[in-house]
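Throughout, numbering of the chain's residues begins at 1 and tracks the sequence. Just so it is clear, the values below take in all heavy atoms, side chains as well, and ignore hydrogens, waters and symmetry mates.
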Amino acid sequence: NYGVLVPNGYVGIGNSAPLGDLHVSTSSITNATRGITTEQNNTGIQSSIFSFKKSRNTFASPLTIATGDYIGSSNFMPYVATSGYIITSTFGARVNGTVTGTAAPTEFFISTTSTNDIDPFGNNNVRLLIDSAGLVGLGGNVDPQRTLDITAASETNAILIGTDITTVYAPFLSNVT
């Protein structure tokens, strides 16, 4: 069953009961033939594109997005016995400022957790963030104020430079310019 349109309008490839708009299933263990592949062949610099688009309202009548809207994400979902597939890691982008007629400030994030998480910012599971100004927040800091802004539960967990726990911690770097 390699391409089936079912009554709900979903398309399944390798799956006769798709769970979303496009559901690709395989049991192949061959690296070269499993998953989704995009390919671009030309003489220029262009590559394959996988786009995430987001608007409010409907497809036929889109409206401007707003601060806090997720633009797109890729979720990693392990199967667990009692809950089924759960989202434990995500990377994606969301709007992080005032949207104008020509600009939408955007931040890129990576989140991790051990339990199901459909809202990484709301559940405080964002571990790395790059905001629209290029500032990087690490360790749960979703509002970086410097080029690299690290938040840690304690100073001994903040930064380790070297190979042992006695090397250099963040407090010693506070006056470095």
Side-chain angles (χ1 to χ4, degrees), residues 1-63 65-66 68-96 104-132 134-142 144 148 150-152 157 160 163:
N1 213 350
Y2 286 100
V4 62
L5 181 63
V6 293
N8 60 9
Y10 296 164
V11 175
I13 298 174
N15 185 319
S16 61
L19 300 175
D21 296 330
L22 175 62
H23 187 158
V24 179
S25 300
T26 183
S27 59
S28 172
I29 58 172
T30 305
N31 284 339
T33 59
R34 68 176 197 253
I36 299 171
T37 301
T38 66
E39 184 174 340
Q40 175 77 27
N41 300 293
N42 62 40
T43 58
I45 63 168
Q46 299 80 10
S47 68
S48 295
I49 296 173
F50 191 81
S51 298
F52 294 95
K53 294 182 177 183
K54 165 70 176 163
S55 69
R56 290 199 166 207
N57 207 29
T58 66
F59 178 75
S61 184
L63 294 175
I65 55 178
D69 282 3
Y70 289 95
I71 300 168
S73 63
S74 292
N75 299 321
F76 298 85
M77 304 172 64
Y79 183 85
V80 295
T82 57
S83 300
Y85 290 99
I86 62 172
I87 301 169
T88 58
S89 297
T90 300
F91 66 86
R94 78 173 195 160
V95 177
N96 74 337
T106 301
E107 57 196 4
F108 177 83
F109 68 91
I110 296 175
S111 70
T112 60
T113 185
S114 61
T115 58
N116 196 38
D117 186 9
I118 61 169
D119 183 7
F121 284 87
N123 295 323
N124 296 317
N125 289 322
V126 174
R127 309 298 184 216
L128 181 137
L129 179 128
I130 303 171
D131 73 10
S132 57
L135 303 179
V136 177
L138 188 61
N141 187 344
V142 296
L148 178 59
I150 300 172
T151 302
N157 291 327
L160 173 64
T163 57

Nearest atoms (heavy-atom pairs only) where Val142 meets Pro144: C-CD, 3.6 Å
Thr113 side-chain N/O to Ser111 backbone N/O, donor-acceptor pair under 3.5 Å: no
Atom CZ of Phe121: over 12 foreign heavy atoms under 6.0 Å: yes
Any Thr112 side-chain heavy atom under 4.5 Å of Phe76 side chain: no
Atom of Ser55, atom of Thr58 and distance for their closest heavy-atom approach: OG-O, 4.4 Å
Neighbour count >12 (heavy atoms, 6.0 Å) for atom CG, Leu63: yes
Side-chain donor-acceptor pair present, Asn123, Asp117, cut-off under 3.5 Å: yes
Residue pairs involving residues 69-96 (criterion salt bridge (charged side-chain N to carboxylate O under 4.0 Å, His left out); sequence neighbours excluded): Arg56-Asp69, Arg94-Glu107
Residue pairs fulfilling side chain to side chain donor-acceptor pair (under 3.5 Å) with at least one residue in residues 76-91, sequence neighbours excluded: Asn75-Thr90
Ser25 and His23, any side-chain heavy atoms less than 4.5 Å apart: yes
Any donor-acceptor pair under 3.5 Å from Asn116 side chain to Ile87 backbone: yes
Check against side chain to side chain contact (heavy atoms under 4.5 Å, CB included), Ile13 and Leu22: CA-CA 8 Å; Ile13 298 174; Leu22 175 62; 3.9 Å; yes
Any side-chain heavy-atom pair of Tyr70 and Phe109 under 4.5 Å: yes
CD1/Ile118: more than 12 non-hydrogen atoms of other groups inside 6.0 Å: no
